[in-house]
Amino acid sequence: MDKYNKELIDLAKNIWEYAEIKWKEIKSIEAQKEILKKHGFKINDNLADLPTAFSAEYERGKGVTVGFLGEFDALSGLSQVEDLAERKEKVDGACGHGCGHHLLGTASIGAALKLKDYMDENKLEGKVVYFGCPAEEGGSGKAFMAKAGCFDLADIVIAWHPFNANAIFTGSLQANKQVYVRFRGKGAHAAASPHLGRSALDGLELVNIGVQFLREHMQDFERIHYSIIDPGSASPNVVQPYAEGLYLIRSKDTEHVNRLYKRFEKIVEGAGLMTETEPEIIFDKACSNVIPNPVIEEELYKAFLEEGPIDFTEEELKYAENFRATFPEENIESEQTLVYAVDKVDELAYLKDHILYDKILDYKHSDELGMGSSDVGDCSNVVPTAQIITACFAIGTTAHSWQEVAQGKSSMAMKGMLKASNVMSRAARSFIENPELVKKAHEEFIKVRGEKFISPLPDGARPRM
């Protein structure tokens with residue numbers, strides 16, 4: 001057993017229990033910092049003036065700087081009893097780790113510790129940095145960190161995400177922008193004097209109707225989602241004087257998001273004119289598209305093959321089968337792994353025939369756009385970045401589900417976490433030992449991104465905490 005395994009497993013399980021949401025991950029970061037300080041890392045707090053953003057550095061002379069990304073925020077309303085294959089809240093209304101971030105940050109810490117040891121043992125010069133990144137879920141903490149220059153010291157960055165497969169995460173993800181839309185109208189009695197009222201809720205509903213009509217005229221890679229977070233009062237006999245919604249606008253890159261957003265602004269303006277109400281748009285957050293890096297991906301793939309796939313026990317297969325029984329068949333058919341598969345037909349057959357992913361998916365670099373977003377995109381727009389995924393959950397488990405929360409402390413989840421840690425650390429050695437690889441990674445990076453990073457955040461933007 002690796003000397004760090006027990007510490008890492010205990011840390012992941014503790015963060016699972018804390019289940020803290022964006023910008024409030026206090027216990028989670030203190031537990032991480034404690035381990036990193038214990039093993040000789042220097043802690044830098046309050047990165048980008050974010051109270052739960054930090055970095056941990058270990059430097060040994062001059063040389064290549066390798067960064068590892070960590071996330072640790074949970075999701076609201078996903079409390080779930082561990083290991084139970086039926087929906088049951090552990091604490092009513094509490095949060096839960098439905099995206100595996102308790103595993104994500106912990107494995108990256110493990111990779112940083114193991115790379116430090118390798119450098120010490122082989123007297124290699126370089127720097128290891130763990131970036132503790134808050135609020136990936138709905139806050140895009142890395143976007144604020146990237147704009148503040150937090151990632152600029154790294155030569156390359158390696159990341160991962162818990163999933164249901166073992167593969168190199170290649171291809172891009174969408175950029176996005178999220179805003180609140182508020183309408184202020186004039187209250188009135190809805191029956192006795194409706195002519196005196198100006199309904200803020202009508203304004204918000206007209207925005208939603210406008211969005212529906214806009215969908216026909218958007219490009220295939222674009223999306224708009226919304227939630228009515230405040231419809232006004234609960235009384236239907238009142239003309240609502242206030243209403244608020246939250247809108248998430250996605251496209252293939254920041255430039256396309258901004259184009260779509262301008263059309264969205266016109267819808268909001270038009271809704272205000274039609275209802276004689278006053279609309280207001282308040283920026284919340286934004287993130288960039290992911291720029292994949294084939295040079296780092298290839299080193300990660302070599303390291304993955306050297307480490308080998310995860311060995312699961314019969315007991316773990318039976319455990320996973322209990323959860324597989326709770327999924328509809330469509331979950332298997334829509335597995336995101338298919339995006340990365342060289343032969344999608346063979347891959348689908350494999351997914352249907354297996355409960356846990358016990359191979360390493362063949363790697364082929366892709367620039368294909370995935371329909372989702374991650375603030376890893378902002379890091380990847382600042383420094384060459386690549387990611388892997390490892391099998392931590394039963395095949396067919398969807399992210400942000402109670403099933404993922406329930407499996408989060410299982411032995412198979414811990415095996416996937418430790419495998420990710422080993423693969424990332426092994427790949428990172430190649431860059432410490434061979435600076436020419438770093439140069440190649442940067443050449444690919446500039447070729448795709450261009451000479452300058454343009455942040456999706458407006459100047460002076462601050463997160464809503």
Side-chain angles (χ1 to χ4, degrees), residues 1-13 15-16 35 66 68-72 97 99-118 128 130 157-170 296-317 319-320 323 335-337 340-341 347 350-351 354-363 376 386-395 397 399 404 407-430:
M1 177 182 276
D2 188 284
K3 72 176 186 178
Y4 295 116
N5 282 8
K6 185 178 185 307
E7 274 185 292
L8 295 174
I9 290 170
D10 288 346
L11 175 62
K13 289 183 177 181
I15 295 173
W16 187 96
I35 287 178
V66 176
F68 298 99
L69 298 183
E71 298 166 13
F72 29 79
H97 272 287
C99 210
H101 292 179
H102 63 301
L103 305 168
L104 199 162
T106 302
S108 293
I109 287 173
L113 295 176
K114 291 166 190 176
L115 182 58
K116 167 193 175 291
D117 286 355
Y118 184 81
V128 188
Y130 169 77
V157 166
I158 294 175
W160 83 291
H161 205 288
F163 196 54
N164 315 329
N166 302 305
I168 306 304
F169 189 105
T170 187
I296 308 175
E297 288 175 359
E298 284 165 11
E299 294 305 314
L300 283 165
Y301 185 56
K302 290 177 196 172
F304 221 145
L305 293 177
E306 289 168 2
E307 286 291 330
I310 302 166
D311 293 323
F312 294 111
T313 65
E314 285 298 319
E315 185 179 2
E316 287 164 341
L317 285 165
Y319 172 95
F323 288 94
E335 274 285 14
Q336 292 176 33
T337 319
Y340 317 111
E347 179 67 7
Y350 174 88
L351 294 173
H354 290 75
I355 303 298
L356 290 170
Y357 207 92
D358 59 2
K359 67 172 184 174
I360 298 167
L361 187 65
D362 292 339
Y363 164 68
V376 171
Q387 307 176 73
I388 63 169
I389 54 176
T390 67
C392 298
F393 314 108
I395 291 171
T397 303
E404 184 155 320
Q407 297 171 72
K409 291 173 76 175
S410 66
S411 61
M412 61 195 194
M414 297 303 146
K415 282 183 176 180
M417 175 188 77
L418 296 173
K419 182 64 70 174
S421 175
N422 291 340
V423 172
M424 290 190 292
S425 175
R426 183 181 286 273
R429 296 177 199 171
S430 301

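Only heavy atoms go into these numbers, but all of them, side chains included; no hydrogens, no water, no symmetry mates. Please read all numbers here as calculations on a predicted model, not as lab measurements.
For the pair Tyr350/Asp358, a side-chain contact is recorded, criterion being any heavy-atom separation below 4.5 Å from C-beta on. In this structure the side chain of Lys13 never reaches within 4.5 angstrom of the side chain of His102, judged on heavy atoms. Put simply, the side chain of Ser411 reaches to within 4.5 Å of the side chain of Glu316, judged on heavy atoms. Using a 4.5 Å heavy-atom threshold, the side chains of Trp160 and Thr390 count as touching. A 4.5 Å side-chain heavy-atom check between His161 and Cys99 finds at least one atom pair inside the cut-off. A heavy-atom distance below 4.5 Å is not found between the side chains of Asn166 and Lys359. Contact annotation: the side chain of Pro162 approaches that of Leu103 to within less than 4.5 Å [non-hydrogen atoms, C-beta and beyond]. Between Val128 and Val66, every side-chain heavy-atom pair lies at or beyond the 4.5 Å cut-off.
Under the rule for a ring pair (Phe, Tyr, Trp, His ring centres under 6.0 Å), the partners of Tyr130 that lie at least two apart in sequence or sit in another chain are Phe54. For the salt bridge (Lys or Arg N to Asp or Glu O under 4.0 Å) test, residues two or more places apart in sequence or in another chain that qualify with Arg426 are Glu306, Glu307. By the ring pair (Phe, Tyr, Trp, His ring centres under 6.0 Å) test, Phe312 pairs with no residue at all, sequence neighbours left out. With sequence neighbours excluded, the residues satisfying salt bridge (Lys or Arg N to Asp or Glu O under 4.0 Å) with Asp10 are Lys6. In this view, Phe323 and Tyr319 satisfy the ring pair (Phe, Tyr, Trp, His ring centres under 6.0 Å) rule, not counting sequence neighbours. For Ala386, the side-chain contact (heavy atoms from CB on, under 4.5 Å) partners two or more places apart in sequence, or in a different chain, are Ile296, Glu297, Leu300.
Taking the centre and axis of the six-membered ring of Tyr4, the NZ or CZ atom of Lys114 falls outside the cone set by 45° and 6.0 Å.
Rounding to the nearest 0.5 Å gives a distance of 7.5 Å between CG of Leu8 and CG of Asp2. Note that CD of Glu299 and CZ of Phe304 are 15.0 Å apart. Values are rounded to the nearest 0.5 Å. Interatomic distance, CD1 of Ile355 versus CE of Met412, reported as 10.0 Å (0.5 Å rounding). Separating the CG atom in Asp362 from the CD1 atom in Ile168 is a distance of 11.0 Å, to the nearest 0.5 Å.
The existence of a salt bridge linking Asp311 and Lys415 is excluded, since no basic side-chain nitrogen approaches an acidic carboxylate oxygen closer than 4.0 Å.
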